[in-house]
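Only heavy atoms go into these numbers, but all of them, side chains included; no hydrogens, no water, no symmetry mates. Fair warning: this is a prediction, and the values are worked out from it, not measured in the lab. Positions are given from 1, in the same order as the sequence printed here. Atoms within each ligand, like the ligands themselves, are counted from 1 in listed order.
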Amino acid sequence: MSVELVVPISAIEHFAYCPRQCALIHCDGVWSDNEHTVRGTRAHRRVDSGKHRRERGQLVLRGIPLWSEVLGLSGRADAVEIAEDDAIRPVEYKAGVRHGPTADLQLCAQALCLEEMLKAEIPYGYVWYGGPRRRLRVDFTTALRNEVCGIVEEIREQLLSGQLPAAVDDERCSACQLLHHCLPQLANAPRKVRSYLKDVVFGCAT
Ligand code: SF4
């Protein structure tokens with residue numbers, strides 16, 4: 001495994017959502033906010049403050065830098081809880097509701113970094129969702145850990161190749177922050193391009 005190119009932990013969630021979104025953000029440097037990302041930024045204000053505190057008998061560290069030399073990963077944990085028995089739990093904050101396992105993968109990558117950094121075992125962590133205002137436990141199973149390692153390698157290959165994957169052009173696109181940069185309707189089929197140009201640019205039916 002080549003770890004010469006360090007993969008940002010944030011890329012895991014982008015890749016799991018859509019490999020093309022990951023390439024646009026992390027290869028091409030494209031960024032655009034939509035209602036979901038703005039809500040996410042607002043929800044992160046407290047965790048981004050970096051202020052540590054004691055809550056319900058445990059130490060809560062915020063904005064902790066993370067890295068793994070084994071996996072070639074770096075990033076930051078929203079929060080890391082340390083209980084009185086020294087149990088360590090990473091916590092990821094999401095503004096909305098759960099959208100599949102993307103946040104679980106990101107959280108598991110954080111746990112893999114913490115395990116390597118602290119020589120600790122971390123069997124589970126939490127993702128806090130602002131929509132329902134509750135947090136869900138994520139167990140770091142062998143299957144989830146293996147999936148994270150596989151995705152990290154796929155992202156590394158993508159970053160090294162600089163290739164832009166095809167647009168998925170499905171239900172993910174309507175909620176995607178890069179919809180207007182990606183133009184998934186145009187990206188895949190020449191026939192769709194002709195149809196788009198007739199409909200949108202020239203305003204006539206196909
Ligand atoms: S608009 Fe669709 S295809 Fe394009 S990056 Fe977003 S999810 Fe992927």
Does a donor on one side chain and an acceptor on the other come within less than 3.5 Å for Ser32 and Gln177? no
Subset of ligand 1 atoms that lie under 4.0 Å from at least one heavy atom of Cys176: 1 (S), 5 (S), 6 (Fe), 7 (S)
Six-ring centre of Tyr129, Arg135 cation under 6.0 angstrom, axis tolerance 45°: no
Hey, can you tell me if His26 and His14 have their rings parallel, tilted or perpendicular (30° and 60° cut-offs)? tilted
Side chain to side chain contact (heavy atoms under 4.5 Å, CB included), that's the test. Do Ile9 and Ser74 meet it? Break it down for me. CA-CA 6 Å; Ile9 292 174; Ser74 75; 6.0 Å; no
Which heavy atom of the protein is the closest neighbour of atom 2 (Fe) of ligand 1, given with residue, atom name and distance? Cys173 SG, 2.3 Å
The closest protein heavy-atom partner of atom 3 (S) of ligand 1 is Val168 N, 3.2 Å
For Cys18, the ligand 1 atoms with a heavy-atom partner under 4.0 Å come out as 3 (S), 5 (S), 7 (S), 8 (Fe)
Can you list the ligand 1 atoms lying under 4.0 Å from a non-hydrogen atom of Ala167? 3 (S)
Here the atoms of ligand 1 under 4.0 Å from any heavy atom belonging to Gln21 are 5 (S)
If we count only N and O atoms by modelled type, under 3.5 Å, do the side chains of Gln163 and Gln158 hold a donor and an acceptor together? no
Within a distance under 4.0 Å of any heavy atom of Cys182, pick out the atoms of ligand 1 and give their elements. 1 (S), 3 (S), 4 (Fe), 5 (S)
Check the pair Gln58, Glu84 against side-chain hydrogen bond (donor to acceptor under 3.5 Å, both in side chains), reporting the backbone distance first and the verdict last. CA-CA 6 Å; Gln58 54 186 4; Glu84 285 187 351; over 6 Å; no
